[in-house]
Amino acid sequence: MQFRKDINGLRAIAVIAVVLFHFNASWMPGGFAGVDVFFVISGFLMTGIIFRGIEQENFSILKFYVARANRIIPALAVLCLVLLVFGWFYLTPLDYRALGKHAGSSMGFLSNIIYWRESGYFDAASHEKWLLHTWSLSAEWQFYIIYPLVLVAMRKFMSLKAMKATVLVGTVLGFIFCVVATYKWPNPAYYLLPTRAWEMMIGGVAYLYPLKLVENKKKVFESFGLALIILSCIFITKENLWPGYLALIPVLGAFLLIQAQRSDSIVTGNIVVQSLGKWSYSIYLWHWPLVVFIYYFELNEQFVYFGIILSVILGFVSNRYIESIKFKNNFNGIFTYTKCYPLYMVIFVGLFGSITFISRGFEWHYNNEVILASNEAVNKNPYKCMEEEKFPCYIGNANNIKAIIVGDSHADALTTSLSSAFDLEKSGIIALTKSSCPFILGIKSTKHGAECLEENERRLKILKEKYINTPVFWVARSSAYIKGQSNPDRIKDIRDTKPSIYFSEHIYEELNKDLLNEIDYSLKLTLNEINDNRDVYLVLPTPEMRVNVPKKISRSLLLGHGVDTIGVDKSLYIDRNKEMLDIFNKLPNEISNVTLLDPTIYLCDNNTCYGDYDGRPIYYDGDHMSEFGNKLLTPMFLSVVK
């Protein structure tokens, strides 16, 4: 295919959008749509290669794979190798172990599946994943593997015309599936190929059904396409479900720009844009680790500008000295493919990453203080009630249940603290816990969709039918459900007697009053449902440190900075939870047998709430109590158990 300056310029537009979004989302709130533009470009180019080969009856799937490997793997392998060497010196054991896992999955082009299983793309934890951006390369590579196999198989019993029509129909069906899946399963929909394939296939449609346009119409198509991409980058935000139907905006924009075929455009054809387009793959590879570096080491805002400049410089260097290497592409026999050198890069870097993961980040090369602080990050509920989705989760003697703890991940984090108040050989407790699902009838989260509604009905049933008189300990990260601060793109739906209300952090003030009324109503309804002949203990919110405590301490020790006490002003805790505290404080007077338990008595003094005890983390992140921290709250439960 003849070099297309317009497509090269479109690459530049896409990478600019992604880079600006990642370094500062406020500059380009929807810049993540640049990845969708990349997918369209990739689909156009791959469809062209495959169909030309099929039409000329000389297409080789193996040669296609080798060409893709030569293009993608070398620069990616160098990036992963550099990060693994860097991590040896500057990452804590758990972070280095995670990097090894991610490097191995990136080289195996499975990282999109790994990241889907770990957390959402826009979650705060994602800013500590050095290779998060490789999810898109994995999705692309999976497409490269499947797409030519399907097309070659179709050619066995289809005409070229029928094949083209099938690609078109498949694109439409893929888009419909994407819209449905994004609504029902937002996190996997973001990362996985089935909801992204249509974006690459629509690029194929652009190749298979090119439009013959006069020059004036070309300009109109280009302008309209560019406007769609810019609008999506400015007005779409990470709070929108993605990809979904909104992804059609930037995807259609890229489609129109490709159809315009303007080789002399001042927008896509100027020397700056052409250079950025040429370096775009390497810029994309290197920019995200620089974003993580700034976040990880808590550098100030000025480094953002330095990071952007360095991304371009490293992109140029990588393109000039790595991407430009001409690896052998044409092999005569099946065994000669063993001379495909990028394959050895995959094996070497993949093994390096895998061994890093298996060896727990080569834990032996750290001192004991760093290891102890770092390991507190995995010092979680040993009963694995929430992790293994046990329902109900019995702890201790199941024949003599003395208490039930119910709620979200904050309840799960306090399970050991409650259980330690009993002799588990004689007595037992039950945990009914699920992440992001507080026990408030009617709560629904985008993380689990309708699962929270169903989960609470299951909880209610077991409380009312089997354990009628057993004391209940209600725990939740209640401030998160008011202000959405734990995950800004999370949406809650409160139902019952009033219309559904959706909210997120940036519209909090507008819906605050209605939302509080709904929370108040639903919480009272929940407590009244379970309050017959039993004591109910509402545990007030656990103080949140706003930093990952184990990682903060272990990094300081690793870099030789010593350990400063970690804490937040108690006034900040009160302000953050004010609305829910107001609701909680009224409940004992309004509903019988309800008692409040205050963890701040044990975790705070008059001025400060602490994240460590004598230099050891009491949280396994920034807001969930670790097993060590649990010991501090055992007296709170002992004060009320019978």
Side-chain angles (χ1 to χ4, degrees), residues 3 7-12 14-16 18-19 22 34-35 38 41-42 45-46 49 63-88 99-100 102-111 130-141 144 271-293 306-331 337-354 356:
F3 178 75
I7 291 179
N8 191 50
L10 187 56
R11 284 197 188 101
V15 80
I16 289 170
V18 173
V19 168
H22 281 152
V35 171
F38 275 126
I41 296 170
S42 182
L45 296 175
M46 294 311 103
I49 293 170
K63 287 182 180 179
F64 176 83
Y65 290 160
V66 169
R68 293 303 91 214
N70 289 345
R71 169 79 176 95
I72 293 172
I73 290 173
L76 174 62
V78 169
L79 172 68
C80 290
L81 187 59
V82 168
L83 288 176
L84 286 167
V85 172
F86 166 82
W88 175 276
L99 175 61
H102 296 155
S105 64
S106 295
M107 295 308 302
F109 297 103
L110 297 169
S111 62
W130 298 82
L131 291 166
L132 176 67
H133 61 319
T134 65
W135 76 267
S136 63
L137 301 181
S138 294
E140 265 192 273
W141 189 259
Y144 294 160
I271 187 170
V272 174
V273 170
Q274 285 296 301
S275 297
L276 291 175
K278 182 180 179 181
W279 310 332
S280 60
Y281 173 54
S282 286
I283 291 174
Y284 181 78
L285 284 179
W286 283 96
H287 88 281
W288 178 253
L290 294 173
V291 172
V292 176
F293 184 91
F306 177 72
I308 293 173
I309 295 170
L310 189 57
S311 298
V312 176
I313 294 172
L314 290 174
F316 162 74
V317 172
S318 175
N319 174 265
R320 178 74 176 270
Y321 298 104
I322 300 172
E323 286 189 70
S324 61
I325 298 174
K326 302 298 182 183
F327 292 97
K328 189 173 181 179
N329 193 37
N330 197 10
F331 299 95
Y337 280 92
T338 57
K339 295 182 180 179
C340 178
Y341 295 118
L343 177 64
Y344 296 101
M345 297 180 186
V346 170
I347 294 171
F348 175 73
V349 179
L351 277 176
F352 188 177
S354 299
T356 301

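For this chain, numbers begin at 1 and follow the sequence in order.
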In chain order, what residues pass the ring pair (Phe, Tyr, Trp, His ring centres under 6.0 Å) check against W130, with sequence neighbours excluded?
F86, Y296
For residues 70-85, which residue pairs qualify under salt bridge (Lys or Arg N to Asp or Glu O under 4.0 Å), counting only residues two or more places apart or in two chains?
R71-E323
The test is side chain to side chain contact (heavy atoms under 4.5 Å, CB included); show your working for S138 and L110 and say whether it passes.
CA-CA 6 Å; S138 294; L110 297 169; 5.6 Å; no
Verify, without hydrogens or angle tests, whether Y284 (side chain) and H133 (backbone) share a donor-acceptor contact under 3.5 angstrom.
yes
Check whether any side-chain N or O of S275 sits under 3.5 Å from a backbone N or O of I271 as a donor-acceptor pair, and report yes or no.
yes
Can you find a pair of side-chain heavy atoms, one from L310 and one from F293, that are under 4.5 Å apart?
no
Is the backbone of S282 close enough, under 3.5 Å, to the side chain of S318 for a donor and an acceptor to pair up by distance?
no
Among residues at least two apart in sequence or on other chains, which ones pass salt bridge (Lys or Arg N to Asp or Glu O under 4.0 Å) with R320?
none
Pair L137-L285, side chain to side chain contact (heavy atoms under 4.5 Å, CB included): steps then yes or no:
CA-CA 10 Å; L137 301 181; L285 284 179; 3.7 Å; yes
Which residues pass the side-chain contact (heavy atoms from CB on, under 4.5 Å) test with V66, sequence neighbours left out?
N70, N329, F331, Y337, C340
Any salt bridge (Lys or Arg N to Asp or Glu O under 4.0 Å) pairs touching residues 338-348, not counting sequence neighbours?
none
Give me the one residue out of H102, M345, M107 that meets side-chain contact (heavy atoms from CB on, under 4.5 Å) with C80.
M107
At their closest point, which heavy atom of L84 faces which heavy atom of G100, and how far apart are they?
CD2-CA, 4.1 Å
W288 and L131: side chain to side chain contact (heavy atoms under 4.5 Å, CB included), yes or no, with the steps?
CA-CA 7 Å; W288 178 253; L131 291 166; over 6 Å; no
Is there a donor-acceptor contact under 3.5 Å from the side chain of S311 to the main chain of G307?
yes
In short, A103 meets G353 closest at the heavy-atom pair CB-CA, 4.4 Å
Ignoring hydrogens and angles, tell me if any N or O in the side chain of Y281 forms a donor-acceptor pair with the backbone of I72 under 3.5 Å.
yes
Residues two or more places apart in sequence or in another chain: which of them pass side chain to side chain donor-acceptor pair (under 3.5 Å) with T356?
none
Gap separating the CH2 atom of W286 from the CZ atom of F316, nearest 0.5 angstrom:
15.0 Å
Is there a donor-acceptor pair under 3.5 Å between the side chain of S354 and the backbone N or O of L351?
no
Apply the test side chain to side chain contact (heavy atoms under 4.5 Å, CB included) to residues F38 and L10: give CA-CA distance (whole Å), side-chain angles for both, the deciding distance (0.1 Å), then the verdict.
CA-CA 8 Å; F38 275 126; L10 187 56; over 6 Å; no
